[in-house]
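Report on one structure; see the data block that follows.
Quick note: numbers below take in every heavy atom, side chains included, and nothing from hydrogens, waters or symmetry partners.
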Amino acid sequence: EAMAAWDLSVAVEELGPQAPPLKISVTSDLHIGGVILKVVEKDWSDHALWWEQKQQWLLKPSWTLDKCGIHADARLCLTSQHKPLRLRLPSGITLRLRACFSSPVFRSVTGICRLLNIRHPEELSLLWPVEEKKRKKEKDVEEELYDITRAPLPSSSIPKLANGMPAFFAEAAETEAVYKMLAVSQPAPAPETIAKLYRTTNITEKAHINSRWLDSSRSLLQQGVKEHDKLLLRFKYYTFHDIAPQADAVRVTQLYEQARWAVLLEETECTEEEMMVFAALQYHIGKVSLTEQFVASCPAMEDLDSALQCLEVKMEGESSADDMLETMTAPELHDYLKIFRPKRLTLKGYKQYWFTFKETTISYFKSKEESCKEPIQQMSLKGCEVAPDVSVAGQKFCIRLLIPGPEGMNEVYLRCEHEQQYSRWMAACRLASKGKTLADSSFSSEVQSIQSFLAMQKTTPSTNTAQTDESINTHSLVSPRYQKKYKPKQLTPRILEAYQNVAQLSLTDAVQRFLQIWQALPDFGLAYIVVRFKGCRKDEVLGIANNRLIRIDLSVGDVVKTWRYNTMRQWNVNWDIKQVAIEFDGNVNIAFSCVTADCKIVHEYIGGYIFMSTRGREQSNTLNEELFYKLTGGHEAL
């Protein structure tokens, strides 16, 4: 019969008089040698050797000292591989947890995400926080820390409960409360909190933030991170794969929090009308979070899922017969619209023409009758930038296009008569910019999402908006720009008007709607780096998005050129002169050196987005880690 196991206490003198005795689980028939082995394993199993001068871990136990190149002058340190770290999440909560300091950051993040039940950890990474300048009067306010260092080390599998919560969170009321905080949206912050937080005021400051990302292919200790240091966990790659609200409560909540702070701190620009919708949705989500939880996926969520697969890097392969059939029978749009070109040296405003939209090209003619003749002009929208210029209240429905040309980007505005026309043409332009035609299955859902967003911006001054809702803290729901511009009593009726349009949404739908609108903003998910292009004398900005690179003029902030990843042939880095060179289809070559960040960061961003595009729906949850290092790791990794 198996003997009963019991705990034996053993004090280890070397650990110092303060150290508590070790408890080891034994049975009465265990020999003394076994006890010693258990004591050693219990306390040292997580330790490994760190070579101080070379700043590297010695993790291959079978290698000889000679093979490692270790001589008598080497200073080695036996230290634990998992150390406590203060980790600030997108929602502003700071956890103290044990992270792996010896494996590459990519794997450490995977472990942290496994611990917190966040799927698809490849989309997140760690970065250094911005140093906070202390004012003289301010006392040191100790921030609240939630300690989960007692959690098991994030090994390959962590037992979970039916609701997805890792089992150890359920062991005590305190830890369960911590998990709930991760999975539920936080109450609206006080306006003073928003005002105190670091806010970037220009594109160069935004670029400096991106110099703080840690290198994914090197360990925390190699990058100077010490135990108890503070790091930020953030979504880095804006391609959110396979979102399932029920399984992803923590992931979706933290993504919503990151989006909400990007809007509140003006990291992502939005119009005044959009800000009122964001405010109304935040207010609504705050209210329903008190009673509701995320529920199983709804059809709209499936649309979001397909909409999120927005990185179309074409893998090598011929177009199938289906594709050819699709292009042969692709539907078209045609209508009278007005066009305006700001760059042309004329004082004339909008002029009306007959427009046709075929595949990914817009052509326009003097009139409908002339449409059988040669068009006045044709504009291919592949690789263009599309932005709305809309005021529902002012009945203005314009589409701003930046179309790539030989000398840079040409700016064109199209003005539509009404919402329905705008929704169709806007959806067509968005698809065409990604190289998709009107025959694409996502066209109708794109039209619907544009229409539902316009409906949210409609104001219906009804009797019940006159009520003043005391609990609405308007200045916590809008960015400082609008806090300065309007008094709370001016904002309240506007936010409540917008709230009328979203009040019936469930928590899942409201959060999803917030994320959809955020993703439709023109500069959503852009990471800026200040660079200097080869042969140029002045600094410029490179914007890195999930499907393209953008060259931006630093002085005026205008887009100069766009290059899409699906036209990229190869890219390489000259590590000696720190220069990135990229070759695109059609013999287009660009090269630049990085000013505000290491070129490794740009290399990792591009390689990371290419890696994200290789994830298929049918693939299991195992990540091809080696491929990630190959695409992002630089010369040491190869």
Side-chain angles (χ1 to χ4, degrees), residues 44-59 75-116 118 121-133 140 142-155 198 208-237 254 258 527 596-605 608 625 628-629 632-634 636-637:
W44 306 103
S45 61
D46 188 43
H47 283 58
L49 286 171
W50 167 253
W51 186 356
E52 220 171 285
Q53 298 105 311
K54 285 274 174 111
Q55 289 283 298
Q56 75 184 47
W57 287 92
L58 305 171
L59 298 172
R75 288 197 307 276
L76 301 186
C77 169
L78 184 69
T79 180
S80 58
Q81 297 179 62
H82 288 81
K83 300 177 189 292
L85 193 64
R86 288 181 301 148
L87 195 68
R88 191 174 166 89
L89 302 182
S91 57
I93 291 171
T94 305
L95 300 175
R96 181 184 276 123
L97 47 72
R98 284 186 298 170
C100 185
F101 274 60
S102 62
S103 58
V105 164
F106 184 81
R107 203 174 303 158
S108 302
V109 171
T110 304
I112 290 167
C113 289
R114 197 176 286 130
L115 199 66
L116 304 179
I118 298 174
E122 68 276 11
E123 295 164 0
L124 296 94
S125 195
L126 299 171
L127 72 164
W128 291 103
V130 176
E131 290 90 36
E132 288 152 1
K133 296 188 183 79
D140 277 357
E142 192 52 47
E143 70 170 342
E144 198 158 1
L145 269 179
Y146 299 95
D147 196 318
I148 55 166
T149 46
R150 292 186 47 211
L153 293 181
S155 60
Y198 176 75
H208 276 285
I209 296 273
N210 290 311
S211 63
R212 299 174 178 278
W213 289 106
L214 291 181
D215 184 333
S216 295
S217 43
R218 293 166 66 224
S219 69
L220 290 172
L221 203 55
Q222 280 176 308
Q223 300 183 66
V225 181
K226 298 178 184 64
E227 62 180 279
H228 301 299
D229 270 354
K230 184 176 177 180
L231 292 175
L232 311 179
L233 178 72
R234 292 289 181 271
F235 288 88
K236 177 179 182 181
Y237 297 104
Q254 295 303 322
Q258 187 161 324
T596 53
D598 193 286
C599 60
K600 170 70 174 75
I601 289 178
V602 175
H603 171 57
E604 194 176 297
Y605 255 122
E625 208 176 308
F628 181 85
Y629 297 135
T632 64
E636 317 94 359

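Side-chain atoms of Arg98 never come within 3.5 Å of backbone atoms of Arg150 as a donor-acceptor pair (strictly under, hydrogens ignored).
Here the closest heavy-atom approach between residue Tyr629 and residue Ser216 is recorded as CE2-O, 3.9 Å. Taking each heavy atom of His208 and Ser211 in turn, the nearest pair found is O-OG, 2.5 Å. Contact between Trp213 and Arg234 at its shortest, heavy atoms only, is CH2-CB, 3.9 Å. The minimum heavy-atom distance linking Gly633 with His603 is given by the pair N-NE2, 4.1 Å. When every heavy atom of Val225 is checked against every heavy atom of Leu231, the shortest pair comes out as CG1-CD1, 4.1 Å. Summarising the geometry of Ser80 relative to His47, their closest heavy-atom pair is N-CD2, 3.6 Å, with the distance given to 0.1 Å.
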Exercise for the section: Step by step, work out the side-chain contact (heavy atoms from CB on, under 4.5 Å) result for Leu220 and Asp229. Expected result: CA-CA 10 Å; Leu220 290 172; Asp229 270 354; over 6 Å; no

Practice task
Run the numbers on Gln223 and Val105 for side-chain contact (heavy atoms from CB on, under 4.5 Å), then give the verdict.
Solution key: CA-CA 10 Å; Gln223 300 183 66; Val105 164; 3.5 Å; yes

Handout entry: From CA spacing to verdict: side-chain contact (heavy atoms from CB on, under 4.5 Å), Phe101, Trp50
Key = CA-CA 11 Å; Phe101 274 60; Trp50 167 253; over 6 Å; no

Handout entry: Worked check of side-chain contact (heavy atoms from CB on, under 4.5 Å) between Tyr146 and Thr94
Key = CA-CA 6 Å; Tyr146 299 95; Thr94 305; over 6 Å; no

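Residue Ser102 holds its OG atom at 11.5 Å from CG of Leu58, rounded to the nearest 0.5 Å. Taking CD of Gln81 as the reference point, atom NZ of Lys83 lies at 9.0 Å (rounded to 0.5 Å). Here the CZ-CG distance, from Arg212 to Leu214, works out to 11.0 Å after rounding to the nearest 0.5 Å. Here Ile93 contributes atom CD1 and Leu145 contributes atom CG; the two are 11.5 Å apart, rounded to the nearest 0.5 Å. The distance from atom OG1 of Thr149 to atom NE2 of His82, rounded to the nearest 0.5 Å, is 13.0 Å. His228 contributes atom NE2, which lies 6.0 Å from atom CZ of Arg96 (distance to the nearest 0.5 angstrom).
Contact check for Gln254 versus Leu116: no side-chain heavy atoms found under the 4.5 Å cut-off. Annotation: side chain of Ser108 is in contact with side chain of Cys100 (closest heavy-atom distance under 4.5 Å). Proximity of Leu126 to Leu233: side-chain heavy atoms (C-beta onward) are separated by under 4.5 Å at one or more points.
The aromatic rings of Phe106 and Phe628 lie parallel to each other, with less than 30° between the two planes, well short of the 60° mark.
Of the residues listed (Gln222, Arg107, Lys600), the one engaging Ser217 in a side-chain contact (heavy atoms from CB on, under 4.5 Å) is Lys600, and it is the only one.
Gln53 and Trp51 share a side-chain donor-acceptor pair at under 3.5 Å.
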